[in-house]
Amino acid sequence: MEHIRFGLALRALRRRRRWSQDRLASESSVSRSVIGRVERGRADRVSVATLVRIAAALGARVDVRILWQGEGLDRLLDQSHADIIERLVRTLSDDGWLRATEVSFNIDGQRGSIDILAFHPSTGALLVIEVKSVVPDLQAMLHGIDRKGRIARQVARERGWEVTSVSRLLVLPDDRTARRRVDTHAATFDAALPARTAEVKRWLRDPHEPIAGILFLPTVPQAGTRHRVPRAERVAERGRSRQS
């Protein structure tokens, strides 16, 4: 975040509304000194939650991004996304599903792609899978999954698949960040994607009824990750070293 530019933008939006700093402080439920601090380019001394609240009072939103080695971070996230897809495709194969990845579509002006489209021949179940290495904007993601689910039958028909039911699945890495994000918006996720990992795994083996849920997949350590030796083994190793 460019703190000086952020402060200038906040001040410009405030003045556009003809608000004083006191008025903005009241509308966003923060102190006037915080507003002044941010406008002077010291947003780094204020919590992100507070910045979001101030921006929301002005009808704006805060977009915080991490930048690292140019496009290096994009490549890292893409690799994580690809790893999740590869592991999931193997799981689907073991459970008797036909799989197609990165399935593009253009139906009635709706364009896009489905990360994984899977079909279970013996039951006619069709599964639309959205894979995310991070949990992005919630509403946009859920809208995308719903949209893809609605046109999935037609996409499958073009492949000659005789579909009897359509299910939706969001796949996330099994880490604290993703789980915390889901927990934070539990009511929304429970309404749109109520099933969770254990139920989803059982369903994949026997998909007789449609389902909508979230599957958390354990992450695979990246190359170069330090291997942690269990404490008992370290103690035993030190004992052997003293005896030698």
Side-chain angles (χ1 to χ4, degrees), residues 76-103 112-153 155-156 161-222 225 227-228 230-232:
L76 184 63
L77 293 175
D78 287 345
Q79 182 59 51
S80 178
H81 184 271
D83 289 343
I84 294 174
I85 288 180
E86 177 65 23
R87 298 177 61 214
L88 186 56
V89 165
R90 289 199 297 267
T91 297
L92 291 168
S93 177
D94 293 340
D95 289 333
W97 292 80
L98 302 179
R99 300 86 52 209
T101 60
E102 294 298 327
V103 179
S113 66
I114 300 171
D115 287 334
I116 304 177
L117 188 65
F119 178 65
H120 199 262
S122 63
T123 62
L126 184 69
L127 180 58
V128 176
I129 303 176
E130 186 86 357
V131 176
K132 298 294 184 184
S133 55
V134 294
V135 182
D137 178 73
L138 194 60
Q139 295 304 324
M141 177 184 66
L142 293 178
H143 174 74
I145 294 174
D146 180 68
R147 180 174 67 94
K148 293 170 186 178
R150 283 187 277 106
I151 57 101
R153 284 181 182 269
V155 177
W161 293 348
E162 296 294 329
V163 177
T164 59
S165 67
V166 178
S167 296
R168 300 168 176 83
L169 182 62
L170 171 64
V171 180
L172 300 172
D174 191 3
D175 58 34
R176 286 181 296 178
T177 300
R179 286 189 175 274
R180 184 168 57 247
R181 179 80 161 144
V182 171
D183 289 343
T184 300
H185 301 280
T188 300
F189 278 114
D190 287 347
L193 302 165
R196 292 295 179 266
T197 299
E199 182 181 352
V200 169
K201 287 183 176 179
R202 289 193 298 270
W203 181 87
L204 288 174
R205 295 189 290 269
D206 185 25
H208 286 292
E209 299 292 335
I211 197 174
I214 299 174
L215 173 65
F216 288 100
L217 277 184
T219 55
V220 177
Q222 299 294 320
T225 300
H227 174 67
R228 297 193 65 176
R231 184 175 183 277

Any side-chain heavy-atom pair of Q139 and T188 under 4.5 Å:
yes
Could you go through I214 and V200, starting from their C-alpha distance and side-chain angles, then the distance that decides it, and tell me whether this counts as side chain to side chain contact (heavy atoms under 4.5 Å, CB included)?
CA-CA 7 Å; I214 299 174; V200 169; over 6 Å; no
Once rounded to the nearest 0.5 Å, what's the spacing between atom OG of S113 and atom CD of E102?
5.0 Å
Looking at every non-hydrogen atom in both residues, tell me the closest pair between V128 and G149 and how far apart they are.
CG2-CA, 4.2 Å
Do the side chains of L142 and L193 get nearer than 4.5 Å, heavy atoms only?
yes
Side chain proximity check, I116 to W97, heavy atoms < 4.5 angstrom
no
Can you tell me if R147 and H143 form a side-chain donor-acceptor pair at under 3.5 Å?
no
In Å and rounded to the nearest 0.5 Å, what is the CG to CZ distance from D94 to R205?
11.0 Å
Quick one: are F189 and L138 in side-chain contact, heavy atoms under 4.5 Å?
yes
Before you tell me yes or no, could you show the steps for R181 and T177 under side chain to side chain contact (heavy atoms under 4.5 Å, CB included), namely the whole-Å CA-CA distance, both residues' side-chain angles and the distance that decides it to 0.1 Å?
CA-CA 6 Å; R181 179 80 161 144; T177 300; 5.7 Å; no
Heavy atoms of H120 and G96 approach each other most closely as CD2-O, 3.9 Å
Could you tell me whether the side chain of E199 reaches within less than 4.5 Å of the side chain of P194, counting heavy atoms only?
no
Apply the test side chain to side chain contact (heavy atoms under 4.5 Å, CB included) to residues V155 and K148: give CA-CA distance (whole Å), side-chain angles for both, the deciding distance (0.1 Å), then the verdict.
CA-CA 9 Å; V155 177; K148 293 170 186 178; over 6 Å; no
Nearest atoms (heavy-atom pairs only) where V163 meets R153
O-NH1, 3.4 Å
Among L88, D115, I145, find the residue that satisfies the side-chain contact (heavy atoms from CB on, under 4.5 Å) test when tested with I129.
L88
Strictly distance-based, threshold 3.5 Å: is any side-chain N or O of T184 a donor or acceptor partner for the main-chain N or O of R180?
yes
Shortest non-hydrogen contact from L117 toward A152
CD1-CB, 4.5 Å
Identify whether the distance between the nearest side-chain nitrogen and carboxylate oxygen of D190 and R196 falls below 4.0 Å.
yes
For H208, is there any backbone N or O sitting under 3.5 Å from a side-chain donor or acceptor partner on S165?
no
Shortest non-hydrogen contact from L204 toward L92
CD2-CD2, 4.0 Å
State whether D146 and R150 are salt-bridged, where the test is any N-O pair (Lys NZ or Arg NE/NH1/NH2 against Asp/Glu carboxylate O) under 4.0 Å.
yes
List the residues meeting side-chain contact (heavy atoms from CB on, under 4.5 Å) with P121, not counting sequence neighbours, and say none if there are none.
L98, F119
Which atom names give the shortest non-hydrogen contact between L170 and K132, and what distance separates them?
CD1-CG, 3.9 Å
Candidate pair L169 and E130, rule side chain to side chain contact (heavy atoms under 4.5 Å, CB included), full reasoning:
CA-CA 6 Å; L169 182 62; E130 186 86 357; over 6 Å; no
Under 4.5 Å between any side-chain heavy atoms of L217 and T91, yes or no?
no
Can you confirm whether more than 12 heavy atoms, excluding those of E162, are under 6.0 Å from its CD atom?
no
